[in-house]
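Hydrogens, waters and symmetry mates play no part in the numbers below; they use all other heavy atoms, side chains included. For clarity, every value in this text was computed on a predicted model and none was experimentally measured.
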Amino acid sequence: MNAQDNAVTFEMNLSKEKLGINERLRVEFTMNKDGDDFSPPDFKGFRVLMGPSQAISSSWINGVRSYSKTYSYTLAPTERGKFTIKQASIVIDGKVYKSLAKTVEVTAAVAKPNDDMNVDDYADDNLHLVAEVSKTNPYLNEAITVVYKLYVSPSIRVSNYRPLDNPKYNNFWSQDIPVQRLNAENGTYKGKAYRYVVLKRVVLYPQKSGKLDIEPLSLDVTVDVPTNKRDFFGGRVYTQTNKTVSAGNRTINVKALPTAGKPANFGGAVGDFDFSVTTSKTSLNASESLQAVVEVSGQGNLKLFQLPTPELPSSLEVYDPEHNEEVRTTLAGTRGKISDSYTIVPSFKGKYPVPSISFSYFNPNTASYHTVDSKEILINVLEGPTNSQGNVNTNPTNTKHSVVTTGNQFNFIKLNPNLTAKGTHYFFGSRAFYLWLLLPLILIPLAIVLHKKRDAIASDVEGNKIKKANRLARKYLSEAKKTLGQKDAFFIAMEKALHNYLKAKLKIETSEFSKDKISSLLNEKDVDIETIDGFIGLLKNCEMARYSPFSEVQMQQDYDRASKVIANLDKQL
């Protein structure tokens, strides 16, 4: 057992723990303070070819003395089997220190003995890049973590590394967790002692069910590999080489969310959440404002679903919500809260109920759906004008009137038709004759006017493009309506409609289609901020649809918003 007292160390290191009978084993006993009465083990199962040889290394760095003394042996196995190299002992400052015993396995002769092993082969055996995945069979939109670790054997040293190929997480929503500092830690790899460094950490949310591949991370690593040579001071001489290591391809089997028990209003939230709807106040006067906050908190895919929309009375003026996120991503996933804050301004005196709304989510820990209902809130408007429409009777009674007869119930039948004889008409000299006679004279100037107008339209290339784009916008908005409920097809059609509308109104081509430029151009056209934000919000939803599930209700809302925004732009452009 390694004894430690007052920072004294004494340990045994083996060049290999498994070797062929035709290979050589190097055993080193190293201490950080000089000692006496070194006693080696008996090396049962091996023959000593060289040793013990001593090497001493001593240096001063920043006023601190570093000392190392090593006894080394070169051994040849005498038979196959598993052998234990027992403890060695030494006396340092009057105390006895012992090394740990280690087991070595000797196999049949190998084709390439370690004596002939080159630097690259040695580095391959002692350097490994591993991708550790927290879960290989998650549910759709359930968080998994991937931690990339570089394992380095104590017998080699890594002096530098650089990424060659960073993985692309196709069909995953990904969030990197930065590694602030590279700290070497002790660990094991395939049962052997190693030092490892965490290089990269990432949280993934699968966006498709089925088998998904995680591409490997590849590194170019500069490795210092020891040789059998010693320098003037007895220190080991190292040679340097570059190795490419890869974490390997990993396959994740993503389970689809169950259809049994799936709520109709489920919008894709996966995790463990709390849900609430609150208002800043419940009593106020007309024309004053209050805030209604719809909030979801907990752990899960908080950035990948939309919050439900409250159904408020039409007498309340409601502004578009302000979206807030307070989330942080750790190895456990994304945790925090998201909310939509609505500004509400009542116009009339009265009491207005805010109905309860529901939020549904899937909890992968219980493998079941959960629905949370908010409490109904009553808004009491104390002072203000009275809504005259509130007195209208919405259920009028049916009034029946009796029919009064006059004794001549059939006077609508004409008894005396006063028929006259049908006259004879001739075409020559009639109105039709003169009309056909003058028609060519009337059509000639009309044809000239139409021809000039057609030439003007044909020469107006830009105007024709605008008309064509308008027709395409109407066409694609119609296609979006037909594909409601089919997320990918709906948002593709929606994005095409928005694109062609911009092309018609702002006269920009596809290469100029960017949200920043759209905002700038609409501002120059004096379009109000609310309409601009609505248009940009629709574009963001089209992009977000690639990563997040959208319910049919949410698609209908986006379709209605698109119609309203385009109508508002038509009034202002």
Show your reasoning for whether side-chain hydrogen bond (donor to acceptor under 3.5 Å, both in side chains) applies to N253 and N137.
-> CA-CA 5 Å; N253 187 22; N137 60 336; over 6 Å; no

Determine, stepwise, if the pair S276 / T278 fulfils side-chain hydrogen bond (donor to acceptor under 3.5 Å, both in side chains).
-> CA-CA 6 Å; S276 65; T278 58; 5.4 Å; no

Go through E28 and N13 one step at a time and tell me if the side-chain hydrogen bond (donor to acceptor under 3.5 Å, both in side chains) criterion holds.
-> CA-CA 5 Å; E28 295 181 341; N13 295 309; 5.0 Å; no

Carefully, step by step, assess T371 and S360 under the rule side-chain hydrogen bond (donor to acceptor under 3.5 Å, both in side chains).
-> CA-CA 4 Å; T371 299; S360 298; 2.9 Å; yes

Given the rule in the salt bridge (charged side-chain N to carboxylate O under 4.0 Å, His left out) test, do K149 and E132 qualify, once you have shown the distances and angles that lead to the verdict?
-> CA-CA 8 Å; K149 295 181 179 180; E132 297 182 355; 3.1 Å; yes

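Taking the six-membered ring for Trp and the full ring otherwise, Y139 and F362 have centroids separated by under 6.0 Å. Between F305 and F273, the distance separating the two ring centers is shorter than 6.0 angstrom. The distance between the ring centers of H128 and Y194 falls below 6.0 angstrom. Remark: aromatic rings of F172 and Y205 are distant, center separation not under 6.0 Å. A ring-centre distance under 6.0 Å is not found for F29 and Y71. In this structure, Y196 has its ring center no closer than 6.0 Å to that of Y189.
Although no hydrogens or angles enter the test, the distance criterion places a donor-acceptor pair under 3.5 Å between the side chain of E23 and the main chain of G20. Under a 3.5 Å cut-off, the side chain of S99 and the backbone N or O of A88 do form a donor-acceptor pair. Judged by distance alone, with hydrogens and angles left aside, the side-chain atoms of N301 form a donor-acceptor pair with the main-chain N or O of G268 at under 3.5 Å. T330 places a side-chain N or O within donor-acceptor distance of the main-chain N or O of A332, the cut-off being under 3.5 Å. A donor-acceptor pair under 3.5 Å links the side-chain atoms of S15 to the main chain of R26, judged by distance alone. For R201 (side chain) and P178 (main-chain N/O), a donor-acceptor pair under 3.5 Å exists by modelled atom type.
A donor atom on one side chain and an acceptor atom on the other are found under 3.5 Å apart for T366 and S368. For S72 and T70, the side-chain atoms include no donor-acceptor pair closer than 3.5 Å. Side-chain N/O atoms of T222 and S159 include no donor and acceptor closer than 3.5 Å.
With respect to H370, the ring pair (Phe, Tyr, Trp, His ring centres under 6.0 Å) criterion is satisfied by exactly one of Y361, F359, F266: Y361. For the side chain to side chain contact (heavy atoms under 4.5 Å, CB included) criterion with L75, the lone passing option out of L49, V104, V27 is V27. Among L217, I252, L204, the one residue that satisfies the side chain to side chain contact (heavy atoms under 4.5 Å, CB included) test with V146 is L204.
Ion pairing between a basic and an acidic side chain is recognised when a charged N comes within 4.0 Å of a carboxylate O; D176 and K200 show such pairing. A salt bridge between K102 and E17 is absent, with no side-chain N of the basic residue lying under 4.0 Å from a carboxylate O of the acidic one. Using a cut-off of 4.0 Å between Lys/Arg side-chain N and Asp/Glu carboxylate O, D213 and R250 are scored as not salt-bridged.
Rounding to the nearest 0.5 Å places CG of N324 at 10.5 Å from CD1 of I338. With rounding to the nearest 0.5 Å, the separation of CZ in R195 from OG in S153 is 12.0 Å. Remark: L100 CG to I85 CD1 distance equals 13.0 Å, nearest 0.5 Å. Here the OG-CG distance, from S218 to L129, works out to 8.0 Å after rounding to the nearest 0.5 Å.
Taking both residues in full, the closest heavy atoms of L331 and T145 are given as O-CG2, 2.7 Å, listed atom of the first, atom of the second, then distance. Here the shortest heavy-atom pairing between P206 and V254 reads CB-CG2, 3.6 Å. Closest of all the heavy-atom pairs between V202 and S174 is CG2-CB, 4.1 Å. Counting all heavy atoms, side chain and backbone alike, P167 lies closest to E215 at CB-O, 3.1 Å.
For E326, the CD atom sits in a loose shell: 12 or fewer heavy atoms of surrounding residues, nucleotides or ligands are nearer than 6.0 Å. Crowding of K86 atom NZ: a count of heavy atoms from other residues, nucleotides or ligands under 6.0 Å not exceeding 12. K135 NZ: more than 12 foreign heavy atoms inside a 6.0 Å radius. Heavy atoms from other residues, nucleotides or ligands lying under 6.0 Å from CD of E322 number 12 at most.
With sequence neighbours excluded, the residues satisfying side chain to side chain contact (heavy atoms under 4.5 Å, CB included) with S374 are F275, V277, S356, I357. Partners of Y148 under the ring-ring contact (aromatic ring centres under 6.0 Å, His included) rule, at least two apart in sequence or in another chain, do not exist in this structure.
When side chains are defined from C-beta on, Y97 counts as touching V8, because their heavy atoms get closer than 4.5 Å. Proximity of V152 to N126: side-chain heavy atoms (C-beta onward) are nowhere separated by under 4.5 Å. Using a 4.5 Å cut-off on side-chain heavy atoms (C-beta onward), N249 and T251 make contact.
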